[in-house]
Amino acid sequence: MTTQSNTPAGWYPDPKGASQLLRWWDGSQWTDHTTADQQGASAPQGTSAPQGAPVQQVPPQADPAKVQRQVQQQAGITPHAQGGGTLFTEPVLVVNQKAKLIELTNEYKVMDQAGNQLGSVTQVDQSALKKVARFVSSLDQFMTHTLEIRDVHGQPQLRLTRPRKFMKSRVLVARPDGQPIGEIVQQNVFGKINFAMMANGQQVGAIKAENWRAWNFSIVDHTDTEVARITKTWEGLAKTMFTTADNYVLQIHFQLPEPLLSLVVATALTVDTALKQDSRGLG
């Protein structure tokens with residue numbers, strides 16, 4: 001049995017005995033943060049979690065207090081009512097890239113404003129040649145990249161493909177079965193970067209960088225009304241200098257119709273894939 005002194009922070013079966021509920025242990029005590037046990041984790045048969053410390057840790061998830069600070073303090077977003085608990089029904093999506101000293105494959109975790117994991121984004125169809133190119137140079141920015149957005153159960157929801165490019169990026173957004181939804185097309189190279197969101201040959205919205213470094217974006221519909229915002233959050237000098245992690249918060253102002261909703265959700269991942277690699281130059 002573990003004790004207070006050697007139990008790491010994490011999600012554990014609720015010591016109060018609530019079925020299918022996890023509670024956050026901060027390393028020294030239980031907190032008020034809870035989430036549904038979607039992994040089916042539980043204490044060993046015939047035992048119950050002690051009041052002092054957890055007995056079994058479930059797969060690691062984000063610290064909810066840290067995610068809430070990221071949303072409220074760093075992104076400046078006031079708390080919202082929780083949505084429907086999916087990638088397409090939450091008003092706030094927190095997109096955190098897995099920190100790596102050397103980035104060979106893009107990997108992101110997507111959470112709601114309380115730190116509950118809603119899904120993930122993983123780069124797929126990446127050959128060994130692409131990984132080598134990414135390790136030794138920035139030439140991979142000119143190659144085709146494919147990302148898969150998955151729900152919390154690992155089921156694909158969207159597929160994003162950025163074809164090989166030279167100056168401007170274009171990202172194709174499709175359903176898992178290949179049915180096209182639309183595309184996100186870079187409009188300019190110099191100055192504040194803008195993207196057009198296209199569906200069935202018509203522009204349904206746009207993504208507008210608010211400064212030339214493209215830290216933050218305003219997302220508007222076809223009437224130029226802002227419907228969402230993307231804010232890049234600062235993770236500290238050490239993490240920024242020595243890892244490749246990028247963290248964003250997507251705030252959707254109100255429920256959006258399709259295909260705009262899927263394109264907006266895809267946008268939170270697209271801006272990083274389209275712009276971050278371009279900033280590396282030619283190696």
Side-chain angles (χ1 to χ4, degrees), residues 62 66-80 83 87 90-99 103 106 108-115 118 121 141 147 149 160 162 168-171 173 183-198 203-241 243-256 260-280:
K66 182 177 180 181
V67 173
Q68 290 169 15
R69 285 195 302 271
Q70 183 180 346
V71 172
Q72 297 173 26
Q73 298 178 19
Q74 295 176 292
I77 298 174
T78 56
H80 287 65
L87 292 167
E90 286 293 332
V92 177
L93 297 180
V94 181
V95 184
N96 288 353
Q97 187 175 16
K98 185 176 180 180
E103 179 192 20
N106 289 330
Y108 303 82
K109 178 184 292 185
V110 186
M111 298 163 286
D112 66 13
Q113 59 191 315
L118 302 175
V121 183
Q141 68 175 286
L147 298 173
I149 300 179
L160 314 180
R162 196 205 71 180
K168 296 180 180 179
S169 289
R170 183 168 65 100
V171 177
V173 183
E183 57 185 276
I184 302 168
V185 183
Q186 186 176 340
Q187 299 294 291
N188 61 313
V189 176
F190 303 104
K192 298 178 182 179
I193 301 297
N194 292 319
F195 293 83
M197 292 188 288
M198 309 293 295
Q203 184 168 346
V204 297
I207 309 158
K208 301 180 178 182
E210 296 187 339
N211 54 63
W212 71 273
R213 300 272 324 251
W215 293 117
N216 303 318
F217 292 85
S218 172
I219 304 176
V220 300
D221 63 13
H222 68 287
T223 68
D224 206 37
T225 299
E226 183 175 286
V227 298
R229 294 184 64 81
I230 296 175
T231 304
K232 183 173 182 178
T233 54
W234 175 254
E235 289 301 303
L237 181 61
K239 189 170 184 179
T240 300
M241 289 180 63
T243 74
T244 60
D246 278 327
N247 300 319
Y248 297 84
V249 175
L250 170 67
Q251 179 185 14
I252 302 176
H253 300 327
F254 47 85
Q255 186 65 33
L256 301 175
L260 183 59
L261 175 60
S262 290
L263 291 174
V264 167
V265 171
T267 291
L269 293 312
T270 300
V271 291
D272 185 59
T273 300
L275 293 181
K276 178 191 168 190
Q277 292 176 3
D278 297 348
S279 67
R280 299 177 183 175

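Source: prediction; values computed, not measured. No hydrogens, no waters, no symmetry mates; every other heavy atom, side chains included, goes into these values.
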As a quick check of understanding, evaluate side-chain contact (heavy atoms from CB on, under 4.5 Å) for Glu90 and Leu118, giving each step before the final call. CA-CA 9 Å; Glu90 286 293 332; Leu118 302 175; 3.7 Å; yes
Donor-acceptor pair, distance only, cut-off 3.5 Å: does the side chain of Asn216 make one with the backbone of Lys232? yes
Quick one: does Gln186's side chain have a donor or acceptor within less than 3.5 Å of a partner on Lys168's backbone? no
Give the minimum heavy-atom separation between Phe217 and Ile207, together with the two atoms involved. CD2-CG2, 3.5 Å
Do the side chains of Arg69 and Thr233 get nearer than 4.5 Å, heavy atoms only? no
For a 4.5 angstrom cut-off between non-hydrogen side-chain atoms, does Gln251 reach Thr231? no
Note, Leu250 side chain near Thr267 side chain (heavy atom, < 4.5 Å): no
Considering all heavy atoms of both residues, which atom of Val189 and which atom of Ile193 are nearest to each other, and what is their separation? O-CD1, 3.4 Å
Give a yes or no on whether the backbone of Asn194 and the side-chain of Asn188 come within a donor-acceptor separation of less than 3.5 Å. yes
Could you tell me if the side chain of Met197 sits less than 4.5 Å from the side chain of Ile184, heavy atoms only? yes
Side-chain heavy atoms of Leu160 within contact of Val173, under 4.5 Å: yes
Check this for me, if you would: do Arg229 and Glu210 make a salt bridge, where the nitrogen-to-carboxylate-oxygen distance has to be below 4.0 angstrom? yes
For the atom pair CD1 (Ile219) and CD1 (Ile230), what is the distance rounded to the nearest 0.5 Å? 4.0 Å
Measure across Pro91 and Gly83 and return the closest heavy-atom pair with its distance rounded to 0.1 Å. CD-N, 3.8 Å
Of the non-hydrogen atoms in Val264 and Ala228, which two are nearest, and what is the gap between them? CG1-CB, 4.0 Å
So, for Glu226 and Ser218, which heavy atoms are closest and what is the spacing to 0.1 Å? OE1-OG, 2.7 Å
Is there a side-chain contact between Gln255 and Leu261, using heavy atoms and a 4.5 Å cut-off? yes
Correct closest heavy-atom pair for Ala206 and Gln203 would be CB-NE2, 3.7 Å
